[in-house]
Amino acid sequence: MSEPTFATLVSRWYSEHARDLPWRRPGVTPWAILVSEVMLQQTPVVRVVPAWEAWLARWPTPAALADDTPAEAIRMWGRLGYPRRAVRLRDCAVAIVERHAGAVPDRLDQLLALPGVGTYTARAVAAFAYGQRHPVVDTNVRRVVCRAIAGEPDAGPATRPADLVATEELLPVEPAAAALASAAFMELGAVLCVARSPRCDRCPVASVCAWRAAGSPPATGPSRRPQQYAGTDRQVRGLLLGVLRETTGPVPRHRLDQVWADDVQRSRALAGLVTDGLVEPVGEASFRLVGDGGPAAPAPALL
DNA sequence: CACCCGTGGAC
DNA sequence: TGTCCAAGGGT
């Protein structure tokens, strides 16, 4: 009789206490899982749930989304934040149709090649949609492994190859069990082993946690400086996009001028939205969400 | 690697 | 009230 492994302890806890999130239910398609993963990039679960349901009701397949405009994707994205993700998700749908006949690929390298799909999302889809054995490392998993295994209060700012290796070593050999363990690690980090005031009293691995054993030392160095928002280009972009989102078709520049007083910053923000494929100019003095109201008119400059 | 990219809730 | 943080990705 050997002691249960770390993954076994967390997986048992997960089996009993996992939240009933819609993308975890039986029969959910790989596309639906991919959509959930993209929406969950830096956006809390509670805000994703209704957006995910509305999105999939409208675009149940990659082909359906690929046939619609970026403008509609941006509108459906609502206020999830980082609306470039909406455009990339549609680009991703187009790529899936073109490269994979409309089916979400199951190979890691093919997933990684899709727009908006990085190290985390590719592995999450391969594991959760296709049951493959890959370490799935997000901010939650990094925190759990960093604390429980390394005994340190917090992980670094970005996922490193070493994080993947450390997590892989914790996974069971059997692929389905490994995928379950990855979901369990994430859940533990999201629900109990949270950044501020972790709930160690309910933790299934508290007795083997290296961080607890070390006396739960607090984080020392300046981790990452808080990201500013008020007064930044991001706030201005958000204001501009808010106007464009609520209007169908072109919006005269004078209406956009009202959202922010600083001409230089406002122009820079608008140009950024154009560069990022969210907004396009219409004629001399109007802008719209990309593709809003049909294909763009021929560029007059080309004659 | 550093920085940029939205939004809203909790403390 | 300001700060911190949330299933990252692209450049």
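In the text below, chain A, chain B and the rest are named by the order of the sequence lines, each starting its count at 1. Computed over heavy atoms, backbone and side chain alike; hydrogens, waters and symmetry mates excluded.
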Any residue meeting side chain to side chain donor-acceptor pair (under 3.5 Å) with A:R47, in chain and number order, not counting sequence neighbours: none
Length of the CZ-P vector between A:F185 and C:dA7, whole Å: 16 Å
A:R85 side chain to A:Q42 side chain, donor-acceptor N/O pair below 3.5 angstrom: no
Sequence-distant partners of A:D201, side chain to side chain donor-acceptor pair (under 3.5 Å), two or more places apart: none
Rounded distance (Å) that lies between atom P of B:dT7 and atom CD of A:Q228: 17 Å
Touch class at under 4.0 angstrom, heavy-atom based, for A:R79 against every strand present: sugar-phosphate
Fellow cluster residues of A:V94, listed by chain then number, with links counted only when side-chain atoms sit under 4.5 Å apart: none
Atom-pair distance (CZ on A:R143; C1' on C:dA7), nearest Å: 11 Å
Derivation of the side chain to side chain contact (heavy atoms under 4.5 Å, CB included) call for A:H17 and A:V191: CA-CA 10 Å; A:H17 300 284; A:V191 175; over 6 Å; no
Neighbours of DNA chain B within residues 17-54 of chain A, by heavy-atom distance under 4.0 Å: A:Q42, A:T43, A:R47
DNA chain C contacts made by residues 250-272 of chain A, counting heavy atoms under 4.0 Å: none
Atom-pair distance (CH2 on A:W77; C1' on B:dC5), nearest Å: 13 Å
Spacing of A:R90 atom CZ relative to C:dG9 atom C1', expressed in whole Å: 19 Å
Side-chain donor/acceptor of A:R143 to backbone N/O of A:C193, under 3.5 Å: yes
Protein-nucleotide distance (A:D276, atom CG; B:dC4, atom P), rounded to Å: 14 Å
A:W13 vs A:R202 side-chain heavy atoms within contact, under 4.5 Å: no
Residues in contact with DNA chain C, drawn from residues 189-203 of chain A - heavy-atom cutoff 4.0 Å: A:A190, A:A195, A:R196
For DNA chain C, the residues among residues 104-126 of chain A that have a non-hydrogen atom under 4.0 Å from it: A:P115, A:G116, A:V117, A:G118, A:T119, A:Y120, A:T121
Pair A:Y130-A:R107, side-chain donor/acceptor within less than 3.5 Å: no
Distance, nearest 0.5 Å, that separates CE of A:M76 from CG of A:L65: 10.0 Å
Main-chain N/O of A:R245 paired with A:R75 side-chain donor or acceptor, under 3.5 Å: yes
Modelled atom types, side-chain donor and acceptor of A:S182 and A:R123, under 3.5 Å: no
No-hydrogen, no-angle side-chain donor-acceptor test under 3.5 Å, A:Y120 and A:E37: yes
Pairwise P distance for B:dG8 and C:dG9, with rounding to whole Å: 23 Å
Integer angstrom distance from the P of B:dC3 to that of C:dA7: 23 Å
Spacing of A:R85 atom CZ relative to C:dA7 atom P, expressed in whole Å: 12 Å
A:V87: hydrophobic cluster co-members (side-chain, 4.5 Å): A:I74, A:V236, A:L239, A:L240, A:L241, A:V243, A:L244, A:V251, A:L256, A:V259, A:W260, A:L270, A:L273, A:V274, A:L278, A:V279, A:F287, A:L289
Residue pairs involving residues 143-195 of chain A (criterion ring-ring contact (aromatic ring centres under 6.0 Å, His included); sequence neighbours excluded): A:F6-A:F185
Nearest-angstrom distance from the residue atom CG of A:L80 to P of B:dC5: 19 Å
Neighbours of DNA chain B within residues 230-249 of chain A, by heavy-atom distance under 4.0 Å: A:D233, A:R234, A:R237, A:G238, A:R245
Student check: side-chain heavy atoms of A:R255 and A:T247 closer than 4.5 Å: yes
Which residue lies more 5' along DNA chain B, comparing A:G78 with A:A158 via nearest heavy atoms: A:A158
Under the salt bridge (charged side-chain N to carboxylate O under 4.0 Å, His left out) test, residues paired with A:D138 that sit two or more places apart: none
Results of salt bridge (charged side-chain N to carboxylate O under 4.0 Å, His left out) for A:R84 - residues two or more places apart only: A:D276
